[in-house]
Amino acid sequence: MAISDAARHVGQRVRIAGWLYNLRESGKILFPLVRDGTGIMQCVAVKSALPEEVFETVRDLTQESSIIVTGVVRAEPRAPGGYELELDGIEVIQRVPESDPYPITPKEHGIEFLMDRRHLWLRSRRQHAILRIRHEVVRAVRDYFDSHGFTLVDTPIFTPSACEGTTTLFEVNYFDHDKVYLTQSGQLYNEATAMAFGKVYCFGPTFRAERSKTRRHLTEFWMVEPEMAYATLDDVKQVAEELVCYVVARVLENRRAELAVLERDVSKLENVKPPFPQISYDEAVRRLQAKGSSIQWGTDFGGTDETLLSEDFDRPFMVDRFPAAVKAFYMQPDPERPEVVLGVDVLAPEGYGEIIGGGQRIDDLELLLRRIEEHKLPREAFEWYIDLRKYGTVPHGGFGMGIERCVAWICGLDHVRETIAFPRMLYRTRP
RNA sequence: UCCUCAGUAGCUCAAUGGUAGAGCAUCCGGCUGUUAACCGGAGGGUUGCAGGUUCGAGUCCUGCCUGAGGAGCCA
């Protein structure tokens, strides 16, 4: 039986294969807590009701020993979770020796100690809850796109050229004749597949060699990127808003227990409904300056700027029409104000910062060529991309949503490192 | 790359320049409903490394190492 199915097995004798999470003892009654990956269940072993050998075996168990227990399930209000197993048999697969006990105890530990033992930390209740929510987020993202006419067309990890500046690329030796880079975005390829399929998305790991050491940065992170042919900035905004609302609603629907483990204030998540407030970059700068920020028109937001802005809103909000100078070469200029581009960021509330960035792409051949030149990019590497403007070019756009930042926000975590099983950061690549 | 902080028992942390300690974990004992159980006892230390100041350094100084938070940077 899976522990998560306990309610459907009340009164039945079942078998649970798992690990000892903790053992509480009270005289002649033992309360081993068993976890099996789906949940944690309290078992009860009463000395007078069991053969001596069974009772002593349970009493001698050590934390995280692998065991298979049998017994009858019953509803029990005194048990955490509401169900309890009256233990009548146990098989020990491996007993963890007390000479080298399981290092992660139920008490406090520092982050360095835990990160060094990430492979074991994943067994803990909080980490388990976070990664289950991540799974729900990923499923919801896929379900949203799959049910809205998007085709999944994944893009390559090895790429010959940069999408942004070359300083943030990880370089890889590609046999002995070439250098390639780990992708930092699938967007350029998405633009090609969107012209073939109409609406597409890719979903996979991306890599940024930024020397950033903050609560919002990983060097390897997962991003979902939709791209749509015949789409404008407004279409992009609408899909972004629908996606975020759908994902949050799914977590609220299916992962309440995990949110409770994390002590997340779900009322904040229940606010996540359309319409999201929308402000322009100009307006954002005005608001920030009024709050005392030193930001000047023409520069990008810092982390504290994003936090300041989010104080004004109780749900995710959008900022659009950024200065062209601070954005990527492919961004479509606003026809009414060429100094700004038709780009949009979605920022999460509660200071979690940018979770989505995107916008409308340049569809005009001549303008794209000019931008490539202005950004001093090697034209030969972009010939295929330029082709897309020669053969049936159309207005199009899309965005990227960072999964880890999204999960950190939904879970209410203070650092993205806990939102992925094995985080890769500036100074940490192990375990 | 820069700034700030930290490094003492397996873990989390104390210790005015003057005998290195507590809680948890481990081990032994007690308790028939525990909820990070509780109660009693035991073992457990090259105070990150290398120098320096001092009668005396965990504590002050210099350098280095490691980690954390942040800045810059970040479609």
Side-chain angles (χ1 to χ4, degrees), chain A residues 21-33 40 42-50 55 60 62-63 76-82 84 86 96-117 124-126 162-165 167-169 183-188 190-191 206-219 221 223 225 227 236 299-307 322 326-331 341 343-345 353-361 375 397-402 405 414-417 425-428:
Chain A
Y21 192 76
N22 196 6
L23 176 63
R24 288 191 284 265
E25 190 175 347
S26 179
K28 303 294 184 288
I29 303 186
L30 305 174
F31 299 95
L33 299 186
I40 297 174
Q42 172 168 295
C43 306
V44 187
V46 178
K47 187 177 170 80
S48 60
L50 288 170
F55 185 82
D60 281 344
T62 47
Q63 193 187 358
E76 170 56 71
R78 286 174 295 185
E84 190 172 81
E86 178 84 42
V96 175
E98 50 268 308
S99 59
D100 187 10
Y102 185 72
I104 302 177
T105 66
K107 289 282 184 178
E108 290 170 27
H109 300 284
I111 192 65
E112 181 185 2
F113 181 82
L114 292 169
M115 288 302 297
D116 285 343
R117 289 157 187 79
S124 301
R125 209 188 308 241
R126 268 181 64 86
C163 178
E164 305 308 322
T167 55
T168 64
L169 285 166
T183 183
Q184 52 185 190
S185 166
Q187 185 208 307
L188 302 187
N190 267 347
E191 291 184 54
T206 51
F207 307 86
R208 305 270 170 103
E210 291 156 7
R211 295 186 177 276
S212 298
K213 188 169 154 27
T214 80
R215 65 187 69 235
R216 304 181 304 279
H217 286 88
L218 299 172
T219 53
F221 63 97
M223 190 157 64
E225 296 176 277
E227 191 72 26
V236 169
T299 61
D300 218 335
F301 303 136
T304 47
D305 291 324
E306 293 180 347
T307 303
F322 294 87
V326 300
K327 288 292 179 182
F329 74 96
Y330 50 72
M331 293 274 211
V341 290
V344 62
D345 283 359
E354 181 186 345
I355 53 172
I356 283 178
Q360 197 173 325
R361 326 299 189 188
H375 283 78
F399 62 84
M401 181 170 85
R405 285 189 186 177
D414 62 7
H415 201 298
V416 291
R417 66 187 157 215
M425 293 174 291
L426 181 53
Y427 295 122
R428 188 176 287 279

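Just so it is clear, the values below take in all heavy atoms, side chains as well, and ignore hydrogens, waters and symmetry mates. Since we're looking at a predicted model, the values are computed, not measured. Residue numbering restarts at 1 for every chain, and letters A, B, ... go by the order of the sequence lines.
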When the nearest nucleotide of RNA chain B is assigned to A:Glu108 and to A:Glu86 on a heavy-atom basis, which residue is associated with the more 5' position?
-> A:Glu108
Whichever of A:Met425 and A:Met401 has the more 5' nearest nucleotide on RNA chain B, that residue is A:Met425
For the pair made of [atom1] in [X] and [atom2] in [N], what is the distance, rounded to whole Å?
X	N	atom1	atom2	result
A:Leu218	B:C74	CG	C1'	12 Å
A:Glu210	B:G70	CD	P	15 Å
A:Ile104	B:A25	CD1	P	16 Å
A:Ile111	B:G67	CD1	C1'	11 Å
A:Leu426	B:G67	CG	C1'	12 Å
A:Lys327	B:C74	NZ	P	10 Å
A:Arg417	B:G70	CZ	C1'	13 Å
A:Asp305	B:C74	CG	C1'	14 Å

Going from [atom1] on [X] to [atom2] on [Y], what distance comes out if it is rounded to the nearest 0.5 angstrom?
X	Y	atom1	atom2	answer
A:His375	A:Tyr330	NE2	OH	10.0 Å
A:Leu218	A:Phe207	CG	CZ	11.5 Å
A:Ser124	A:His109	OG	NE2	7.5 Å
A:Ile355	A:Arg216	CD1	CZ	14.0 Å

Would you please say whether a donor-acceptor pair under 3.5 Å links the side chains of [X] and [Y]?
X	Y	result
A:Gln187	A:Glu225	no
A:Arg78	A:Gln42	no
A:Thr168	A:Gln184	yes

[X] side chain, from C-beta outward: closest of [options]:
X	options	answer
A:Arg428	B:G67, B:C74, B:C11	B:G67
A:Arg215	B:A36, B:U34, B:G70	B:G70
A:Pro101	B:U26, B:C11, B:C24	B:U26
A:Thr105	B:A71, B:A25, B:U34	B:A25
A:Ser26	B:U32, B:U1, B:A36	B:U32
A:Arg208	B:A36, B:U32, B:C74	B:C74

Considering only atom [atom1], compute the distance from [N] to [M] and round it to an integer number of Å.
N	M	atom1	answer
B:G18	B:A57	P	11 Å
B:C31	B:U66	C1'	45 Å
B:G45	B:C11	C1'	15 Å
B:C60	B:U54	C1'	10 Å
B:U19	B:G52	P	23 Å
B:C2	B:C61	C1'	23 Å
B:G58	B:C74	C1'	41 Å
B:G67	B:U12	P	15 Å

Quick one: does A:Arg405's side chain have a donor or acceptor within less than 3.5 Å of a partner on A:Glu354's backbone?
-> yes
Is [X] side chain donor-acceptor paired with the [N] base, going by distance under 3.5 Å alone?
X	N	answer
A:Glu112	B:U66	no
A:Glu25	B:G30	no
A:His217	B:C74	yes
A:Ser99	B:U26	no
A:Ser212	B:C73	yes

Distance test, side-chain N/O of [X] to OP1/OP2 of [N], below 4.0 Å:
X	N	value
A:Lys28	B:C31	yes
A:Lys213	B:G69	yes
A:Lys47	B:U32	no

Look at all strands and tell whether [X] reaches a base, only sugar-phosphate, or nothing, counting heavy atoms closer than 4.0 Å.
X	answer
A:Phe301	base
A:Glu84	base
A:Phe31	base
A:Gly343	nothing
A:Pro103	nothing
A:Asp300	nothing

NZ/NE/NH1/NH2 to OD/OE distance under 4.0 Å, A:Arg428 and A:Asp116 | yes
Going by an N to O cut-off under 4.0 Å, is there a salt bridge joining A:Glu227 and A:Arg361?
-> yes
With pairs defined as Watson-Crick or G-U wobble and both distances under 3.5 angstrom, please note down RNA chain B as a dot-bracket string, | for pairing with another strand.
-> (((((((..((((....[..)))).(((((.......))))).....(((((..]....))))))))))))....
The ring-ring contact (aromatic ring centres under 6.0 Å, His included) partners of A:Tyr102 (sequence neighbours excluded) come to none
